[in-house]
K.L.:
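Below is the structure I would like to discuss, written out as structure tokens.
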Amino acid sequence: MSITIEQNKMLIQMIKEFTANELAPLDMDIDSRGDYPDGLFQKVVKTGLLGMTLPREYGGADFDYVAASEALEKMATGNASMAVTLEGHFKTIEQFIKYGNKALNDKYLPSASKRIFAFSMTEPSGGSNPKGIATRAIKQGSNWVITGDKIMITNGGLAEVYCVLSKTEDDQLAIFVVDKDMPGFKFGKREDFIGLKGVPVGEVVLNHVVVPDSHLLGVIGQGLEIGDNAHADARVLMGAVLAGITEHELQTAVSYAKERKAMDTPLYQLQVTQEKIADIAIAKQNIQALYQKGANDKVAGKPYAEVAAMAKSYGSRSAVAAGDKALQILGGYGYSHEYPVEHLIRDARAMELAEGTIEKMNLEITNAEIAK
Amino acid sequence: MKIVVGIKQVPETDSVKIDPKTNNLERSGIQGIINPFDKNAIEAALQLRDQAGGEVVLLSMGPDSYTSSLRDGMAMGADKAVLVSSRAFGGADTLATGYTLAKAVESIGDVDLVLFGRQSVDADTGQVGPIVAEFLSVPQVTFAETVSLESENTIIAKRQLDSAVQDIKLTLPAVITVRKELNNPRYETPVNMKESFEKPITVWTEADLNLDPSQIGQAGSPTSVTNVYAPTKEVKKTTILPEDPVQAVSELLGKLD
Amino acid sequence: MDNNEIWVYVETTGSKIEPTSLQLITKAKAIADGRKVVAVVPETSSINAETTVKEYGPDQIKTLVDDHFAHATDEEIADALFQVTDKNRPDSLLFPATILGRSIAPRLQAKLGTGLTGDCLDIYYQDGLLVQVKPTYGDNVMCDIVCPDRRPQMVTVRPNTFRAEKGTGGATEIVQSKFTFHKEANSEVVATDPIINSSSKLDDAKVVIALGRGAYSDKNIKLAQDLAAKLGGMVGVSRPLTDEPEFSHDDQIGIGGASLSADLLINLGISGAVQYTVGIKNAKKIVSVNIDKDAPIFDESDFAYVGDVTDFLNALLKQVR
């Protein structure tokens, strides 16, 4: 066994334990209270999970995306919210690693194993459409002055460092790094979403926030490219989260079908149930295959944006559909808050929208196919 | 402070069964894990190290595959590990195992404290800790519920007997075996996992230890296992009570008297 | 020099004699087959445990009297026992598998350089050897272990594995053994606090109402407590319920918890995993209630009720005086 495989095994084993002991028992509670209970996120930080993918030189563990995505799958099997919180962080620091200048990375990345980094593109004026970006970055000497309003930020409010897509005076897109402690930085309102209830999704308002030149991520004009790259990374990890959610749906459906009897026959012996369980199991395997290919291609240095889009497009729809089938197996119980199925559907549904809608992903997949 | 933690790799016990026909242990495909109680001992050692400084050395006796448990312990934060491994140690019972581990502790040298889990979940029942203490001629506290450093070389540990709780003061060096209730073992962290592959695991054979060959392995083991089998169930004659709870209870009360 | 005697270590804490030691005297007599049964009693001058021990009819009682035993460490007790066992080694030496027994026996074992099998569930002689039956792998597997060449053949035996019975006939010789109490310089019992509730132990309760996962609800807990109060018994639980806020490890029955010696045990919503049933095999009458007619617990039960726990408890509470 290679050392990498052994290390990845260790990580997955530990994540399974952590999930079983710390997250899975709180899954229903997180959904009903609409937040992480006190101390839970701190436990995640203390266990060093934020530094999973961070390079060693910055105090991280430097696990690659093959390991990290599998870890998020296992975590999402117990609780999808925390897995999505980590996904938002991992994809953001990945952009620092790829595009960040040395001064920026030396300044920020050592803290990335202790605090959450977030990526913010969307604005109130509409979607992630780069043409409509209203956030302005004005050059002043060796500084930039940033003003604007960013919404629907994954981990908004929880995160302490934000990558902000902005437009310069000459209408070029660029990403700047701002810190929550900077003068002019303010948190706005938290969205009242119907699923992934633990993940804070919120607003950040920037009023003449001054950052030095070194806080430019990549170069002026690279904003879109970095945004696309962040999307691709996020989609691999979200594919993993969706595989985890589907596994959770599968486990719930299977254990119910084993226990529950209709006229003395366990449900799983009925053909109508078998068809649904088989569909859920197949969906899970397919989502897994897609995100794992995305992760493997990324680690191997091959193009992975298209398969990442597939993992999330197919994954989100299939996880929602699988949840619907699981709900039907559980009948009235499936439709109740007593069982997790209904919240798993709401959780999965978020990913038909986040990090690019299904429609946007399908457009990207089509473009990629046309270009071949 | 130099702390040695004795650890054992065990199969995940719930999955070990006896084949009822052949009476053989079915252990194939079962993964080895670090003995769960040993994690409490590692946690206790790490806390003492964090408080008093020094290092935590893991010690185990067994085949090469035990390195995976030693790595797990280092991924929790232990500094290094020693594996005592050789065919000559094979077939050791608790006495021979305790003797060999005591010799290894002597070879590690300048050890202030040796910690063990209260017992392994697979085979023995907490004998090795006291045996090691006896061979090292040092005092012990078994089944400790609290362990606190009182001075540089004294520890006070609490132990619950059936009818009393004792506070025992130990002058180091000493051996302590710990209960699960002592602490909550920390999780391995991703960074420590990577580092566990960079920390040293020293492997010692009988040639590296200053020991009496007649006291190790099979030769040094007074006991032998003559038979292994599945527990037999006594089949009781069971009276099934009627379905109606009121009738059931009156029939039961009638028959119990 | 070896002799043909079975020695039983009699554990005393304060003025209390460990019941397992008395159980072992009865067992030793049952398997002795001509061997002499000797109770070894380290005690302070005020305890006079031999008065009680005598009732169980060992052939001889060896007392080791020293007031230091009130606060003795494991090392000191092991040293005292070594002085009386080494020169005149018994054939077998039995300890209760209590915390103290499990701590002293292995130290003595190392001093004597002999074999010790811990936590036995049975012992018997075969071809002159003491066969030591020990569970492993969480009681999924049983092992027979022997110690062919060295003496004594040492074991610790799980509490309540056997029943203590007062002896009849034969006179008991009481001998005060010569030994020197050696203070251990590097360890000291600095405080001993009696546990107040030691009388209300599950192990010794005459009636036990046991709750499992399948009966876990506020209502059933309340009903079970009411029933226990009415019958003068105690409520215990299977392993999974120790994680619930209402219960702790002290309430656990089975491996790692209590071994019952109750006259009546009522199992509620307990499926009957081996980890549990090993703790109930000495209960005299067992009644089990479970919704699943195939629950393994019924195989261990004298009475089985297939149905709802709450209904059964309600009916029982009404009909019991």
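In what follows, chains are A, B, ... by sequence order, proteins preceding strands, each numbered from 1. All values reported here derive from a predicted model rather than from experimental measurement.
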K.L.:
For B:Thr171 and B:Pro139, work out which heavy atoms get closest and say how close.
P.N.:
O-CG, 4.0 Å

K.L.:
Looking at chain B, which one of C:Lys281, C:Lys293, C:Gln109, C:Lys285 has the largest number of heavy-atom pairs inside 4.5 Å, strictly under?
P.N.:
C:Gln109

K.L.:
Using non-hydrogen atoms only, which part of C:Arg150 is less than 4.5 Å away from chain B: side chain, backbone, both, or neither?
P.N.:
side chain

K.L.:
Which one wins on heavy-atom pair count under 4.5 Å against chain C: B:Asp93, B:Ile156, B:Val138, B:Ile155?
P.N.:
B:Val138

K.L.:
Is B:Lys158 salt-bridged to B:Glu145, cutoff N-O under 4.0 Å?
P.N.:
no

K.L.:
Under the side-chain contact (heavy atoms from CB on, under 4.5 Å) criterion, do C:Ile209 and C:Leu231 qualify, and how do the steps go?
P.N.:
CA-CA 10 Å; C:Ile209 317 294; C:Leu231 299 172; 4.2 Å; yes

K.L.:
Determine the option with the most heavy-atom pairs under 4.5 angstrom with chain B, choosing from C:Cys147, C:Ser301, C:Gly307.
P.N.:
C:Ser301

K.L.:
Looking at every non-hydrogen atom in both residues, tell me the closest pair between C:Gln153 and C:Gly128 and how far apart they are.
P.N.:
NE2-O, 4.4 Å

K.L.:
Contact part of B:Val132 toward chain C, heavy-atom cut-off under 4.5 Å: side chain, backbone, both or neither?
P.N.:
neither

K.L.:
With a 4.5 Å heavy-atom cut-off, do C:Ile266 and C:Leu227 have their side chains touching?
P.N.:
yes

K.L.:
Please determine, among B:Glu251, B:Lys169, B:Lys180, the option with the most heavy-atom pairs under 4.5 Å with chain C.
P.N.:
B:Lys169

K.L.:
Would you give the length of the straight line joining atom CZ of C:Arg158 to atom CG of C:Asn282, rounded to the nearest 0.5 angstrom?
P.N.:
11.5 Å

K.L.:
Between B:Leu170, B:Val225, B:Leu241, who has the most heavy-atom pairs with chain C when the cutoff is under 4.5 Å?
P.N.:
B:Leu241

K.L.:
Relative to chain C, which segment of B:Ser250 carries a heavy atom at a distance below 4.5 Å: side chain, backbone, both, or neither?
P.N.:
both

K.L.:
Is there a salt bridge (charged side-chain N to carboxylate O under 4.0 Å, His left out) between C:Arg102 and C:Asp119? Walk through the geometry before answering.
P.N.:
CA-CA 8 Å; C:Arg102 290 165 169 218; C:Asp119 209 30; 3.3 Å; yes

K.L.:
If you count heavy-atom pairs under 4.5 Å between each of C:Glu18, C:Glu184, C:Lys111 and chain B, which one has the most?
P.N.:
C:Lys111

K.L.:
Non-hydrogen atoms of chain B under 4.5 Å away: do they reach the side chain of C:Val131, the backbone, both or neither?
P.N.:
neither

K.L.:
Hey, which of C:Val306, C:Thr192, C:Leu264, C:Val190 has the most heavy atom pairs under 4.5 Å with chain B?
P.N.:
C:Val190

K.L.:
For chain B, find which of C:Ala191, C:Pro159, C:Cys143 contributes the most heavy-atom pairs closer than 4.5 angstrom.
P.N.:
C:Ala191

K.L.:
Tell me, for C:Val133 versus chain B, whether the close heavy atoms (under 4.5 Å) come from the side chain, the backbone, both or neither.
P.N.:
side chain

K.L.:
Sort B:Pro242 into side chain, backbone, both or neither according to what part of it lies under 4.5 angstrom from a heavy atom of chain C.
P.N.:
backbone

K.L.:
I would like to know whether B:Thr100 and B:Val84 meet side-chain contact (heavy atoms from CB on, under 4.5 Å); could you show each step before the answer?
P.N.:
CA-CA 8 Å; B:Thr100 309; B:Val84 178; 3.9 Å; yes

K.L.:
Any idea which heavy atoms bring C:Val320 and C:Lys230 closest together, and the distance?
P.N.:
O-NZ, 3.3 Å

K.L.:
Please evaluate residues C:Phe69 and C:Ile47 with respect to the criterion side-chain contact (heavy atoms from CB on, under 4.5 Å), reporting the C-alpha separation (whole Å), side-chain torsions for both, the decisive distance (0.1 Å), and the verdict.
P.N.:
CA-CA 11 Å; C:Phe69 280 121; C:Ile47 296 180; over 6 Å; no

K.L.:
With a 4.5 Å cut-off on heavy-atom pairs, point out which of C:Ala304, C:Gly113, C:Ala110 contacts chain B the most.
P.N.:
C:Ala304

K.L.:
At a 4.5 Å cut-off on heavy atoms, which part of B:Gln160 comes close to chain C: side chain, backbone, both, or neither?
P.N.:
both

